[in-house]
Amino acid sequence: GGAHAADTSVDSSPFTSGPSYFRMTVLDRDHVSLHRDIWLNGERTLQGFVININRFLGDVVQQPFTTSAISENNDLSIALGGQVISQTQTKRGVSYDLTPEDVAGSERILQRTLSAPFESIELIISSSALPLGPSFNVLVYTTLVLFALLIAGFFLLKRLSNKSIDIAQNQQDFVAAVTHELKTPLTSIRMYGEILRSGWADEEKKKTYYDFIFFESERLSRLVSNVLQLARITRGTEQRSNTTAHRVGQLCEVIRSQAQAQAAAAGFELQTEFDPALADNHILCDPDALQQVMMNLVDNAIKFSTGTAEQQVRCGVRQGRTGIVFFVRDFGAGIARQDMKKIFQLFYRGEDELTRETVGTGIGLALVATLVEQMQGRVDVVNKSPGAEFTVTLQSADD
């Protein structure tokens, strides 16, 4: 037969046995090798390569970490063979290399070993502060609002307390002033009354004593009227003035008569300046309220002119730009600038209670302002040289 051809076929696979898995060997701090054993034509051969571990981990691990959301509040440490070879912290997207001391005290929240052949590499994620979520912002805002409310409440409470203290002090001063205002003239009236009752005064003295008793009684009547009217105002039971049209000349006669007696009783000279051209004009007012206003102003002028060189009071009526002006002027020391806007406040008196030289209760000018306002008028004060002038402007009824 035919000759058999020789079998010249060979194994097409270059390996006589399957290759082993890659293994990693640390060469130094910066380099590792990945290698494996292979069999080629029956011979064992080592196959592998050397890599820069820092560059490799930077591309494979650190770059993905720095671009992820977890890096906003956490640090990444990489350990090789149990020793930390790299640490990274991300702040606002910028990566910083840290030393072990920089992250001392940080709490580990994740520690994992890479799969083969990188089982010698550990990834450690740690955090020194938990992330601040939306609830933290709400807590901060709430705390700030509560703190602001606490501060505002403190200042409001302090202001209310100071106001209450001022009111209590003013009330005490008012009681003391009213007591003094009542006690002094009542003592004098009683003394002169006993003298007259006992018949110790001759006929010439009797008229002087009778006049003193009469004028002091008038002053006490004004004081009692002011106090009663104040009580009605504070209780809210005071009715508005009955403002109607009244002739200026008639009002001037009544005011002149009362002011003349009031000034004479205090030893003052009254000068009047009533413009005759205004006698037939009419103004809108309450006659009783206007008389009380003018008497309070005259009484105030006398109090603050006592002891001055010119013992006189000037009052009158003149035409103003916006109405008819009633005025009362004294020749005393005038009014301090800081007291100009306060003298019409209830219970306010510019002098200290312990060093006060003038008498008074602190309600006269406050009632003046209230009564003038009820008559839809305006009250004002200006300093003169010397003294001060109070003006009351009322609407004309002839317009």
Arg197 and Glu194: salt bridge (charged side-chain N to carboxylate O under 4.0 Å, His left out), yes or no, with the steps?
CA-CA 5 Å; Arg197 181 182 179 184; Glu194 288 179 351; over 6 Å; no

Same cluster (ILVMFWY, side-chain, under 4.5 Å), Val313 and Val254:
no

Do you know the tightest heavy-atom contact between Ile283 and Ile324?
CG2-CG1, 3.4 Å

In the structure I gave you, are the side-chain heavy atoms of Arg378 and Thr322 within less than 4.5 Å of one another anywhere?
yes

Do the ring planes of Phe390 and Phe344 sit parallel (below 30°), tilted (30 to 60°) or perpendicular (above 60°)?
perpendicular

Working for side chain to side chain contact (heavy atoms under 4.5 Å, CB included), residues Val325 and Val317:
CA-CA 6 Å; Val325 178; Val317 179; over 6 Å; no

Could you measure the distance from the CD1 atom of Ile213 to the CE atom of Met191? Nearest 0.5 Å is fine.
9.0 Å

Decide yes or no on side chain to side chain contact (heavy atoms under 4.5 Å, CB included) for Met24 and Ile121, but give the supporting numbers first.
CA-CA 10 Å; Met24 187 179 74; Ile121 299 177; 4.2 Å; yes

Less than 4.5 Å apart, side chain to side chain, heavy atoms only: is that true for Pro386 and Arg329?
yes

Would you mind reporting whether Leu46 and Asp37 have side-chain heavy atoms less than 4.5 Å apart?
yes

Would you sort out whether Tyr209 and Lys205 count as a side chain to side chain contact (heavy atoms under 4.5 Å, CB included), showing the intermediate values?
CA-CA 6 Å; Tyr209 295 161; Lys205 292 286 186 180; 4.0 Å; yes

Write down the atom of Ile255, the atom of Phe326, and the distance for their closest heavy-atom approach.
CD1-CE2, 4.0 Å

Give the cluster check for Val26 versus Phe56: same hydrophobic cluster or not, with ILVMFWY residues linked at side-chain heavy-atom distances below 4.5 Å.
yes

Please determine whether the number of non-hydrogen atoms from other residues, nucleotides or ligands lying under 6.0 Å from atom CZ of Arg256 exceeds 12.
yes

Looking at CD1 of Ile195 and OH of Tyr192, how far apart are the two atoms once the value is rounded to the nearest 0.5 Å?
6.5 Å

Taking 4.0 angstrom as the limit, do Lys206 and Asp202 come out as a salt bridge?
no

Closest approach of Leu290 and Cys285, non-hydrogen atoms and distance?
CD2-SG, 4.2 Å

Are any side-chain N or O atoms of Asp330 and backbone N or O atoms of Gly387, one a donor and one an acceptor, separated by less than 3.5 Å?
no

Looking at side-chain heavy atoms only, is the closest gap between Ile335 and Val382 below 4.5 Å?
no

Under a single-linkage definition using a 4.5 Å side-chain heavy-atom cutoff for Ile, Leu, Val, Met, Phe, Trp and Tyr, are Leu144 and Phe147 assigned to the same hydrophobic cluster?
no

Close side-chain approach of Thr391 to Val379, heavy-atom, < 4.5 Å:
no

Give a yes or no on whether the backbone of Asn52 and the side-chain of Asp30 come within a donor-acceptor separation of less than 3.5 Å.
no

Answer yes if the ring centres of Phe268 and Phe331 are under 6.0 angstrom apart, and no otherwise.
no

Checking Arg318 against Phe327: charged group under 6.0 Å from the ring centre and within 45 degrees of the axis?
yes

Do other residues, nucleotides or ligands put more than 12 heavy atoms under 6.0 Å from the CZ atom of Arg190?
no

Check whether His282 reaches the backbone of Asp280 with its side chain - one donor and one acceptor, N or O, closer than 3.5 Å.
yes

Considering residues, nucleotides and ligands other than Glu204, do more than 12 of their heavy atoms fall under 6.0 Å from its CD?
no

Backbone N/O of Met295 and side chain of Gln262: donor-acceptor pair under 3.5 Å
yes

Carefully, step by step, assess His35 and Arg23 under the rule side chain to side chain contact (heavy atoms under 4.5 Å, CB included).
CA-CA 5 Å; His35 55 86; Arg23 300 184 302 276; 3.5 Å; yes

For a quick check under 3.5 Å, do Thr244 and His246 share a side-chain donor-acceptor pair by atom type?
yes

Report yes if the side chains of Leu76 and Ile124 come closer than 4.5 Å at any heavy-atom pair, otherwise no.
no

CD (Glu119) with more than 12 external heavy atoms under 6.0 Å:
yes

Under a 3.5 Å distance rule, please check whether Gln374 uses its side chain to pair with a backbone N or O of Ala369 as donor and acceptor.
no

Of all residues at least two apart in sequence or in a different chain, which pass the side-chain hydrogen bond (donor to acceptor under 3.5 Å, both in side chains) check with Gln271?
Gln312, Arg314

When you check the gap from the basic side-chain N to the acidic O, do Asp59 and Arg55 get nearer than 4.0 Å?
no

Non-hydrogen side-chain atoms of Val392 and Val293 separated by less than 4.5 Å
yes

Keeping Ser257 on the side-chain end and Glu253 on the backbone end, is there a donor-acceptor pair under 3.5 Å?
no

Identify the heavy atoms of Pro117 and Leu34 that sit nearest to each other, and give their distance.
CG-CD2, 3.9 Å

Please determine whether residues Ile189 and Trp200 belong to a single hydrophobic cluster, defined as Ile, Leu, Val, Met, Phe, Trp and Tyr linked transitively by side-chain heavy-atom distances below 4.5 Å.
yes

Separation between CD (Gln292) and CD (Gln258), nearest 0.5 Å, reads 10.5 Å

According to a hydrophobic-cluster definition based on side-chain heavy atoms being under 4.5 Å apart (Ile, Leu, Val, Met, Phe, Trp, Tyr only), do Leu150 and Tyr141 belong together?
no

For the CD atom of Glu122 and the OG1 atom of Thr113, what is their distance to the nearest 0.5 Å?
4.0 Å

Rounded at 0.5 Å granularity, tell me how far CG in Leu365 sits from CG in Asn296.
7.5 Å

Looking at every heavy atom in both Leu284 and Ala245, which two are closest together, and how far apart are they?
CD2-N, 3.9 Å

Do Leu156 and Leu160 touch side chain to side chain, with heavy atoms closer than 4.5 Å?
yes

So CG of Leu251 and CE of Met294: to nearest 0.5 Å the spacing works out to 10.5 Å

Specify the closest pair of heavy atoms between Cys315 and Leu270, including all atoms of both residues, with the distance to one decimal.
SG-CD1, 3.8 Å

